[in-house]
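What follows is a single structure, written as structure tokens, with notes after it.
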Number of protein chains: 2
Amino acid sequence: MRMSQAAEDSWIGHFRGLERLDREVQETLVARSRYVSVPAGTVVFGPGKSPENLLLLLEGTVRVQQTSESGREIVLYRVHAGESCVLTTACLLAYENHAAEGVAETDVKAVMIPRTVFDELVARSESFRTFVFSAYARRITDLFHVIDEIAFQRMDVRLAQKLIELSRGADTVKATHAVLATELGTAREVISRQLQEFQRRGWVEQSRGTIRLTDRAALEGLGQDG
Amino acid sequence: MRMSQAAEDSWIGHFRGLERLDREVQETLVARSRYVSVPAGTVVFGPGKSPENLLLLLEGTVRVQQTSESGREIVLYRVHAGESCVLTTACLLAYENHAAEGVAETDVKAVMIPRTVFDELVARSESFRTFVFSAYARRITDLFHVIDEIAFQRMDVRLAQKLIELSRGADTVKATHAVLATELGTAREVISRQLQEFQRRGWVEQSRGTIRLTDRAALEGLGQDG
DNA sequence: ACCGGTCGGTGACATTGTTACCGAAACCGT
DNA sequence: ACGGTTTCGGTAACAATGTCACCGACCGGT
């Protein structure tokens with residue numbers, strides 16, 4: 001058995017972009033990080049909780065959302081398995097009053113990298129830097145996309161897209177109107193109205209807490225032609 | 001005359017966070033960067049133009065905005081003198097289709113740091129890393145703020161805030177209704193309506209291309225009590 | 001069965017976005 | 001100065017979205 005066995009078999013393989021790291025760097029990562037497992041619903045980071053760690057997700061998803069003063073919420077993006085919560089690395093060093101919070105949407109298994117180790121690796125490894133900045137780019141692109149949508153897209157188009165996204169290939173979406181409203185940063189009544197219209201057209205069927213997509217093609221088509 | 005004279009007298013002093021760099025690092029920065037001066041209106045970066053440099057602004061401001069498919073625009077944030085265009089560093093390595101573009105709003109003097117030097121300094125200097133990540137945090141916070149506003153704030157409040165921001169203490173704002181619409185990501189007609197209402201209340205006076213703020217207190221008060 | 005909380009429905013209304021115009025003011029070349 | 005062009009702002013009708021107040025149906029527990 002070679003010494004590097006541990007590193008090779010470790011969680012590193014979950015992350016495209018980390019595999020390319022030097023073996024030595026990989027070993028540092030594995031040795032100095034900590035495995036955590038949190039149940040669904042846990043607030044992973046948020047206002048007040050200064051996150052002293054970079055989180056790399058092995059399993060599950062984390063929903064990052066923002067709450068306005070008036071109490072309304074909007075989902076900014078999701079961090080999936082194989083991705084990292086890089087934005088916290090920036091937020092923790094400067095402006096602590098970032099109103100965004102991260103919530104474990106499912107049971108989550110992850111690896112925590114302490115800030116000091118993160119900093120050391122950014123210094124030591126070009127591949128790690130690429131990994132970090134790519135992750136940043138991904139998130140920032142997501143934010144641009146969110147801004148574009150809420151500023152310029154029609155509600156019906158956004159809802160249709162979101163339903164398809166949340167269905168993930170299945171034919172039903174388990175979500176209350178209120179949850180969908182949060183996803184899109186709008187009010188529950190607006191969602192109810194839109195879903196009624198979709199139902200009237202035969203695109204969906206509703207029951208308490210779930211929505212059946214009966215005409216996926218029509219929903220997808222909304223974006224194209226209008 | 002000491003060797004470090006050049007570094008000490010250089011543009012480094014414009015940037016809080018760079019002064020703390022080791023002298024050696026400062027000298028690298030000064031030696032390997034390039035001074036540029038561009039006239040107002042120049043597109044500094046944008047879709048298609050892969051920015052191979054980090055920009056540090058010495059004078060002027062750069063407006064970063066996004067254009068939707070439908071042609072409407074929204075201003076995301078501004079980069080002022082003493083700040084940097086860090087987001088481009090991320091965008092240039094990963095997703096090139098970022099729809100955001102940067103426009104010189106005034107004549108701009110800046111320093112360009114090539115990507116390779118940027119990378120080298122991130123590796124070498126802890127202070128430089130702090131500088132970079134702080135700049136990121138600042139921008140990301142700005143984006144969160146934009147999202148919060150367009151999703152949850154009333155138009156009149158946003159317009160009042162924007163007028164005050166653009167006045168910068170003066171009592172007139174030089175901007176067309178169309179420009180203000182772009183600032184807030186809305187339509188020109190909406191701005192015209194709101195300004196008429198402001199005028200009716202005696203808060204502003206309008207003439208072609210300029211708006212006089214005649215009751216700043218009232219405009220500021222809009223946010224507080226509603 | 002009762003109770004409290006969640007979920008969705010509804011109607012009236014306010015705000016914002018869209019469309020399609022219009023005339024006035026500034027700009028420009030001759 | 002003149003006429004043509006562009007930019008700027010105004011207007012009205014309408015569509016879409018957000019807000020408010022309320023309601024009954026359903027769900028879980030006891």
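Every chain is numbered from 1, with letters handed out A, B, ... down the list of sequences.
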At their closest point, which heavy atom of [X] faces which heavy atom of [Y], and how far apart are they?
| X | Y | answer |
| --- | --- | --- |
| A:Thr106 | A:Thr61 | OG1-N, 3.2 Å |
| B:Val86 | B:Val132 | CG1-O, 4.1 Å |
| B:Ala170 | B:Arg216 | O-NH2, 2.5 Å |

Sorted by position of nearest nucleotide on DNA chain D, 5' first, the leading residue of B:Ser207 and A:Glu189 is B:Ser207
Under 4.0 Å between a side-chain N/O of [X] and OP1 or OP2 of [N], yes or no?
| X | N | result |
| --- | --- | --- |
| A:Gln196 | C:dT10 | yes |
| B:Thr186 | C:dT16 | no |
| A:His177 | C:dG9 | yes |

Separation of [X] atom [atom1] from [N] atom [atom2], in whole Å?
| X | N | atom1 | atom2 | value |
| --- | --- | --- | --- | --- |
| A:Gln194 | C:dG8 | CD | C1' | 15 Å |
| B:Met155 | C:dG17 | CE | P | 6 Å |
| A:Arg188 | C:dC7 | CZ | P | 10 Å |
| B:Leu159 | C:dT16 | CG | C1' | 13 Å |
| B:Ile150 | C:dG17 | CD1 | C1' | 14 Å |
| A:Ile211 | C:dG8 | CD1 | C1' | 11 Å |
| B:Asp156 | C:dG17 | CG | C1' | 15 Å |
| A:Leu180 | C:dG9 | CG | P | 12 Å |

(request) Please work out if B:Arg154 contacts a base, only the sugar-phosphate, or nothing of the nucleic acid, heavy-atom cut-off 4.0 Å. (result) sugar-phosphate
In terms of relative ring orientation, are A:Phe118 and A:Phe128 parallel, tilted or perpendicular, with 30° and 60° separating the classes?
perpendicular
Given the options A:Arg63, A:Gln65, A:Glu73, A:Arg158, A:Glu183 meets side-chain contact (heavy atoms from CB on, under 4.5 Å) only with A:Arg63
Quick note, A:Thr176 side chain, CB onward, closest among C:dG9, C:dG17, C:dC7 is C:dC7
**Heavy-atom side-chain contact between B:Leu58 and B:Val111 under 4.5 Å** = yes
message: Do the side chains of B:Arg16 and B:Glu83 get close enough for a salt bridge, i.e. N-O under 4.0 angstrom?
response: no
With no hydrogens and no angle check, just 3.5 Å: does a side-chain donor-acceptor pair link A:Arg188 and A:Thr176? no
Quick note, salt bridge (Lys or Arg N to Asp or Glu O under 4.0 Å) partners involving residues 196-207 of chain B, not counting sequence neighbours, are B:Glu197-B:Arg200, B:Glu197-B:Arg201, B:Glu205-B:Arg212
The helix from C:dA1-D:dT30 to C:dT30-D:dA1: angle between terminal helix axes, five bp per end, to the nearest 10 degrees, reads 40°
Bounded by its outermost nucleotides with an atom under 4.0 Å from a heavy atom of chain A, the footprint on DNA chain D reads D:dA16 to D:dC27
